[in-house]
**Student:** 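One structure is given below, represented as structure tokens, and several questions about it will come after.
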2 protein chains.
Amino acid sequence: MPTTPQRPDPRTRPNPGRRSERSRAAILRATRELVSEVGYPRLSIEAIAARAGVGKQTIYRWWRSKGAVVFDAFLALSEGADGVVLPDTGDIEADLKEVLRATVAEFADPVFEAPIRALNMEVAGDPELAAQYRERLAAPVDEAKKERLRSAQRAGQIRADADLDLALELLYAPLYQRWLLRSAPLTPEYADALVEHVLRALRP
Amino acid sequence: MPTTPQRPDPRTRPNPGRRSERSRAAILRATRELVSEVGYPRLSIEAIAARAGVGKQTIYRWWRSKGAVVFDAFLALSEGADGVVLPDTGDIEADLKEVLRATVAEFADPVFEAPIRALNMEVAGDPELAAQYRERLAAPVDEAKKERLRSAQRAGQIRADADLDLALELLYAPLYQRWLLRSAPLTPEYADALVEHVLRALRP
DNA sequence: TGAACAAGACGAGACGGTCCGTCTCGCATA
DNA sequence: TATGCGAGACGGACCGTCTCGTCTTGTTCA
């Protein structure tokens, strides 16, 4: 053992301790702006570096692909709200309708539309990003939703042996698919119908 | 009216009657091969033209984007089976389980995996392709599925006033989402559980 | 009827661009 | 002294457009 034992890969890995927070923030900010302006497909690393006033190498040093940068850029926005809590009035049907109507509204908002779509396309094509997406974004939100369903189970509004993961998919996947493939318009009425149908499957 | 009336756009539109079927087939074949070999993101028009023994202009003359070529390349495969008919043994639960298990198997097949994923990412990002996708691929298949559900309605196994479009989404969107985002493994047992839950919502 | 002609799609590839990812430069920060 | 940094040069891959000369097809006229 001639050299230091604890050294994973010193020739490739940069030292995170010396990383410039100023540059990191400028890159993520420029990325968000450019995705909104030109859309994800026409977004380029060159343009991000130029807009952020940063060398290209600084981007390649810390991210492994354009998709990873975009992912971090929008993840940073959503991660602030970690304490996700859903409404719980005691009426599971009313609460779910409110949450799904809010989701419909969010998908319809042109400000969110472009970035979310870009993020989803990237996640669909990159298994590693997909894993990060699940861990850092989907998992906490899903846990909050399942907690609300558990509350409904305790209140006897949902079968005690219901598979909550499947329940979540039944609630959100149709919404997500309509939006992603633009197969049909997303309306509040649709959200209501969806909740009513899924609850019929989940009730005792 | 000095010139011929029936002339939509002679300076830009080529004449489909003079199109080379040989070149068209070679392009679609080369596209299918290359998508399988290098994946969709690394697929280039130049490579397609070279592999097909065709001038680049011949591709740009008939397709408006790389995505459109890929779309046609794989659409041509699926369109042969126009007379889509689903099994109808009289037992809607058994029939749906069989169909959904088949879908799960198809998604798991590595031969289909890459192209279908490429196609879906392209469709998600291009509204015009999405419209074509719905018309030429989704619509006929969905109609066959709805016909099977109508048969179940007549047999009294499904509520007469059920929204069949929503029913289809409840059945397939969760499957589709699991596969697209790789959020959980797709198994035959999952297909069965999905059918059982959805039918609970649809029964009279 | 058949030779001459015109139109247009074709294979090939040159062309100016954009962007890629890698690689030096000094600089400055620790 | 080491290392991240901004800047940008560099070769290469593709882009989408364009110009060639060729080949096919339909029309005209001897």
Side-chain angles (χ1 to χ4, degrees), chain A residues 3-4 6-31 33-35 37-70 72 118 122 125-126, chain B residues 3-4 6-31 34-35 37-70 72 118 122 125-126 128:
Chain A
T3 51
T4 45
Q6 196 74 354
R7 194 182 49 171
D9 212 341
R11 69 204 116 95
T12 62
R13 292 288 192 77
N15 179 354
R18 312 195 60 145
R19 182 172 188 177
S20 163
E21 172 57 27
R22 173 182 179 76
S23 294
R24 181 186 154 276
I27 288 165
L28 296 183
R29 173 189 175 83
T31 300
E33 292 176 2
L34 285 167
V35 166
E37 291 172 22
V38 307
Y40 178 76
R42 280 207 294 265
L43 176 70
S44 73
I45 301 278
E46 304 238 355
I48 296 174
R51 171 78 60 105
V54 141
K56 288 199 293 175
Q57 190 65 28
T58 300
I59 299 181
Y60 286 109
R61 186 178 298 121
W62 300 109
W63 288 275
R64 60 184 190 76
S65 72
K66 168 176 120 176
V69 182
V70 173
D72 270 13
E122 197 60 31
D126 186 333
Chain B
T3 51
T4 45
Q6 195 75 353
R7 194 183 51 168
D9 212 341
R11 69 204 118 96
T12 62
R13 292 288 190 78
N15 179 354
R18 314 198 60 156
R19 182 172 187 178
S20 163
E21 172 57 27
R22 174 183 179 76
S23 294
R24 182 185 154 279
I27 289 165
L28 296 184
R29 173 189 175 82
T31 300
L34 286 167
V35 165
E37 291 172 22
V38 306
Y40 178 76
R42 280 207 295 264
L43 176 70
S44 74
I45 301 279
E46 303 237 356
I48 296 173
R51 171 78 60 102
V54 141
K56 287 200 292 175
Q57 189 65 29
T58 301
I59 299 181
Y60 286 109
R61 186 178 296 121
W62 300 109
W63 288 276
R64 60 185 192 77
S65 72
K66 167 177 120 176
V69 182
V70 173
D72 269 13
E122 197 60 30
D126 185 333
E128 190 162 326

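These numbers were taken from a predicted model, which means no experiment stands behind them. In what follows, every chain begins at residue 1, and chains take the letters A, B, ... in the order their sequences are listed.
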**Student:** Under 6.0 Å from the six-membered ring centre of A/W62 and within 45° of its axis: does the NZ or CZ of A/R24 meet both?
**Tutor:**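 Checked: cation-pi criterion not met.
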**Student:** Should the pair A/R51-A/E46 be classified as a salt bridge under the 4.0 Å nitrogen-to-oxygen rule?
**Tutor:**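 No.
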**Student:** Salt-bridged, B/K66 to B/D126, with N to O below 4.0 Å?
**Tutor:**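 Looking at B/D126 together with B/K66, the answer is no, because their closest N to O distance does not fall below 4.0 Å.
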**Student:** Please list, by residue number, the residues of residues 38-47 of chain A whose heavy atoms come closer than 4.0 Å to an atom of DNA chain C; answer none if no residue qualifies.
**Tutor:**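 Contacts with DNA chain C under 4.0 Å: A/S44, A/I45, A/E46.
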**Student:** Is any side-chain heavy atom of A/I45 closer than 4.5 Å to a side-chain heavy atom of A/W63?
**Tutor:**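 A/I45 vs A/W63: side chains apart.
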**Student:** Should we count CZ of A/R19 as having more than 12 external heavy atoms under 6.0 Å?
**Tutor:**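 Enclosed: over 12 neighbouring heavy atoms sit under 6.0 Å from CZ of A/R19.
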**Student:** Does A/T58 reach the main-chain N or O of A/V54 with its side chain, forming a donor-acceptor pair under 3.5 Å?
**Tutor:**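 Not at all, since once roles are kept as given, no pair shorter than 3.5 Å links the two residues.
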**Student:** Provide, to the nearest angstrom, the distance between the CD1 atom belonging to A/I48 and the P atom belonging to D/dG6.
**Tutor:**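 Distance, rounded to whole Å: 14 Å.
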**Student:** Between protein and nucleic acid, restricted to nucleotides 7-13 of chain C and to nitrogen or oxygen atoms under 3.5 Å apart, what atom pairs and distances do you find?
**Tutor:**
unit_1: C/dG8; atom_1: O4'; unit_2: B/R18; atom_2: NH1; d: 3.3
unit_1: C/dA9; atom_1: OP1; unit_2: B/N15; atom_2: N; d: 2.5
unit_1: C/dC10; atom_1: OP1; unit_2: B/S20; atom_2: N; d: 2.9
unit_1: C/dC10; atom_1: OP2; unit_2: B/R61; atom_2: NH1; d: 2.5
unit_1: C/dC10; atom_1: OP2; unit_2: B/W62; atom_2: NE1; d: 2.8
unit_1: C/dG11; atom_1: OP1; unit_2: B/S23; atom_2: OG; d: 2.8
unit_1: C/dG11; atom_1: OP2; unit_2: B/G55; atom_2: N; d: 3.4
unit_1: C/dG11; atom_1: OP2; unit_2: B/T58; atom_2: OG1; d: 2.7

**Student:** Between atom CD1 of B/I59 and atom CD1 of B/I48, what is the distance when rounded to the nearest 0.5 Å?
**Tutor:**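 CD1 of B/I48 is found 5.0 Å from CD1 of B/I59.
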**Student:** Without decimals, in angstroms, what is the distance between A/Y60 OH and D/dG6 P?
**Tutor:**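 In whole Å, D/dG6 P lies 15 Å from A/Y60 OH.
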**Student:** Which atom pair, heavy atoms only, marks the closest approach of B/L28 to B/V69?
**Tutor:**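 Taking B/L28 first and B/V69 second, the nearest heavy atoms are CD2-O, 4.1 Å.
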**Student:** Can you measure A/I59 atom CD1 to C/dT22 atom C1' for me and round it to whole angstrom units?
**Tutor:**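 Those two atoms, CD1 and C1', are 14 Å apart.
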**Student:** Give the rounded distance in Å between these two atoms: CD1 of A/I27 and P of D/dG6.
**Tutor:**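 In whole Å, D/dG6 P lies 7 Å from A/I27 CD1.
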